[in-house]
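Reviewing the structure listed below.
Bear in mind the structure is a predicted one, so any value in this text is a computation, not a measurement. For ligands, and for the atoms within them, numbers begin at 1 and follow the listed sequence. Residue numbers run from 1 in the order of the sequence given.
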Amino acid sequence: MPAIKNILARKVFDSRGVETLEVDVITENGFGRVAAPFGAAGSRGKFEAPAYSPEGLSKSIEIIETEIKPKLLGLPSTDQGRIDSILREIDGTNNFERIGGNTSSSISLAVAKAAASALKMPLYKYLALNNDFTYPYPLGNMIGGGAHSMGSAPDMQEHLVVTIGARNIEEAVATNIKVHEKIGKALEVKDLSFAGGMDDERAWVANLTDVEALDIVYDVCQKVTEETGIGFGIGLDLAADRLWNSKTKEYEYQREGRSRTAQEQIGFVSSLIEKYNLFYVEDAFHSDDYLSFAVLNKKYGKRCFICADDLFASNPERTKRGIKLNSANAMIIKPNQVGTLTGTLETFKIAQENGVKVIVSHRSGETYDSSIAHIAVGWQLPMIKTGVLGGERLAKLNELLRIHEDYRMAALGLYPRS
Ligand code: PGA
Ligand code: ZN
């Protein structure tokens, strides 16, 4: 029962250069460090837990020092449920509105990491729900737009690719990197003003409409399939909250120069699913519109992941509501949206029991932290959304390669850590 001996909290900077919270949890023989990721203004879900105290990050650090640390010191780091419920009690609101979801989730995950380290276990094994592990397919952001970019980029936030039929995680990661590189070359030909720009998640940014971006992604995927024999699914994250104008009740596509009503949005997204045989569509509608999601899910749920990110916001109650209305057949989980590891697991279990596939995701502002790779393997999630390039994105993908090595070596009885 490795007890928590110390908790340290400090400011560091994320991949966008924005201040974020880093927490160290020190136990007898164990150490866990987590730096929180952060969504972009304009793309963070409006129903997710706020990141910090309303008075800011410094206040959150003060709360850790004066309120959280005194309550957690001495507790067994392995008692994740108790620690997470203490964080909830200290916060005192329904959605971590007082201390912030980044505050609670950093502590929660750092406690799990410290406990795993004290037990000399890799985190994925410590988090595992049974003795089976699987590797998620990486869902890679290839062409960016929306709130993650600047200038005349596409309106939709992410044009995504996932390999189908890569033989192992290394091949899946390498193939996504190859597709990303070839898309860059194709953009150089298509857009004469393209100068190699990338967005917050290291997706390419070019002067394109969404349909032009999809055409390029589709062509490159076909070429790489011819070359390698590996198939692809193409996906979109519309992050439609940002497109939605609640006054005019229309989705505004500024780059394309037109607007769409909810009905027209359903028609437009349906036509893209048909034309590009889309495998994955995230947040096609704004986060109050459970019903349009349900229409799309009814129409295409058998052949395409109709995924809820901002709609469910990793929140158990919103997830239950979406399940009742059959709004999605897949959902994103982000631990800092719901605030604790236990809360994330609760949401995961609700989804899983109801046949909704769960995909773990990075945020647009990221850090070195690779806990989501361990969650994906330990909870046997089908996909991980991490971006393709950038140290902070590759931190998760490279961790999957290390986990793969650890697992193979352990299976052969050769690896001392396991
Ligand atoms: P965010 O965007 O991390 O900026 O919220 C990611 C997403 O919408 O999937
Ligand atoms: Zn999203």
Side-chain angles (χ1 to χ4, degrees), residues 14-18 20 35-52 100-102 105 136 138-150 153-162 198-203 205 210 235-244 251 269 278 280-289 293 296 305-315 318-319 322 327-328 330-339 344 347 357-367 369 371-372 376 381 383-388 390 392-393 395-396:
D14 74 5
S15 57
R16 265 195 288 254
V18 173
T20 188
F38 195 43
S43 99
R44 298 184 67 242
K46 65 180 185 179
F47 296 105
E48 62 181 90
Y52 300 111
N102 272 11
S105 63
L139 190 53
N141 189 359
M142 299 294 174
I143 300 182
H148 291 172
S149 65
M150 290 187 223
D155 293 298
M156 296 181 191
Q157 186 174 284
E158 297 165 31
H159 301 75
L160 301 148
V161 164
V162 60
M198 293 189 201
D199 75 356
D200 290 345
E201 296 184 357
R202 310 297 193 271
V205 177
D210 292 295
L236 289 173
D237 179 1
L238 285 85
D241 267 343
R242 184 178 166 278
L243 302 174
W244 178 246
Y251 293 94
V269 176
L278 294 183
Y280 178 90
V281 175
E282 177 181 332
D283 282 350
F285 308 98
H286 69 82
S287 54
D288 289 303
D289 193 357
F293 269 84
L296 200 67
F305 286 97
I306 305 299
C307 184
D309 172 18
D310 295 342
L311 183 74
F312 292 179
S314 306
N315 178 299
R318 293 189 65 84
T319 302
S327 298
M331 71 177 292
I332 292 283
I333 49 164
K334 298 168 177 166
N336 72 338
Q337 279 187 327
V338 56
T344 314
T347 302
K357 297 275 186 258
V358 173
I359 297 151
V360 71
S361 171
H362 67 165
R363 305 303 309 248
S364 52
E366 260 300 337
T367 71
D369 185 61
S371 310
I372 61 168
L381 305 184
M383 287 192 270
I384 182 170
K385 199 174 162 213
T386 62
V388 181
E392 72 284 1
R393 320 283 151 191
K396 285 76 170 156

Taking 2.8 Å as the cut-off, does an N/O/S atom of Glu282 lie below it from the Zn ion (ligand 2)?
yes
Does Asp283 bring an N, O or S atom to within less than 2.8 Å of the Zn ion (ligand 2)?
no
Looking at Ala308 and Phe293, what are the two nearest heavy atoms and their distance?
CA-CE2, 4.2 Å
Taking only non-hydrogen atoms of Asp309 and a 4.0 Å limit, the atoms of ligand 1 in range are 7 (C), 8 (O), 9 (O)
How far is atom 1 (P) of ligand 1 from its nearest protein heavy atom, and which residue and atom name does that atom have?
Ser43 OG, 3.0 Å
Is there a polar contact between ligand 1 and Arg16, counting only N or O atoms under 3.5 Å apart?
no
Mind checking whether Asp283 contacts ligand 1 via backbone (N, CA, C, O), side chain (CB onward), both or neither, at a 4.0 Å heavy-atom cut-off?
neither
Determine whether Ile384 and Ile372 make a side-chain contact, defined as any pair of heavy atoms from C-beta on separated by less than 4.5 Å.
yes
Quick one: the OD2 of Asp309, the Zn ion (ligand 2), OD2 of Asp237 angle, rounded to 10°, please.
170°
With distance as the sole test, does Asp309 use its side chain to make a donor-acceptor pair with the main-chain N or O of Ala239 at under 3.5 Å?
no
Could you tell me the residue and atom name of the protein heavy atom closest to atom 3 (O) of ligand 1, and the distance to it rounded to 0.1 Å?
Ser364 N, 2.8 Å
Donor-acceptor pair between Thr367 and Asp14 side chains, under 3.5 angstrom:
no
Ligand 1 atoms nearer than 4.0 angstrom to some heavy atom of Ala40 are 1 (P), 4 (O)
With heavy atoms of His148 as the reference, note each atom of ligand 1 found under 4.0 Å away.
1 (P), 2 (O), 4 (O), 6 (C)
Show the atoms of ligand 1 that are less than 4.0 angstrom away from any heavy atom in Gly39.
1 (P), 3 (O), 4 (O), 5 (O)
Is the shortest heavy-atom distance from the side chain of Val360 to the side chain of Lys385 under 4.5 Å?
no
For Asn141 and His159, test the side chains for any donor-to-acceptor distance below 3.5 angstrom and give the result as yes or no.
no
Per-atom contacts, ligand 1 versus Arg363 - under 4.0 Å to a heavy atom:
1 (P), 3 (O), 5 (O)
Any side-chain donor-acceptor pair under 3.5 Å between Asp369 and Ser371?
yes
If you measure every N/O of Asp237 against every N/O of ligand 1, is any gap under 3.5 Å?
yes
For residues Lys334 and His362, report the shortest heavy-atom separation together with the two atoms involved.
CE-O, 3.7 Å
Using only heavy-atom distances, determine whether the side chains of Asp283 and Gln157 contain a donor-acceptor pair under 3.5 Å.
no
Check each heavy atom of Ala239 against ligand 1 and say whether those closer than 4.0 Å belong to the side chain, the backbone, both or neither.
neither
Is any side-chain heavy atom of Met142 less than 4.5 Å from a side-chain heavy atom of Val388?
yes
Min N/O separation Gln157 to ligand 1 under 3.5 Å
yes
Within a distance under 4.0 Å of any heavy atom of Arg44, pick out the atoms of ligand 1 and give their elements.
5 (O)
Could you check whether any side-chain heavy atom of Glu366 comes within less than 4.5 Å of a side-chain heavy atom of Phe38, counting everything from C-beta outward?
no
Are any of the N or O atoms of Glu282 closer than 3.5 Å to those of ligand 1?
yes
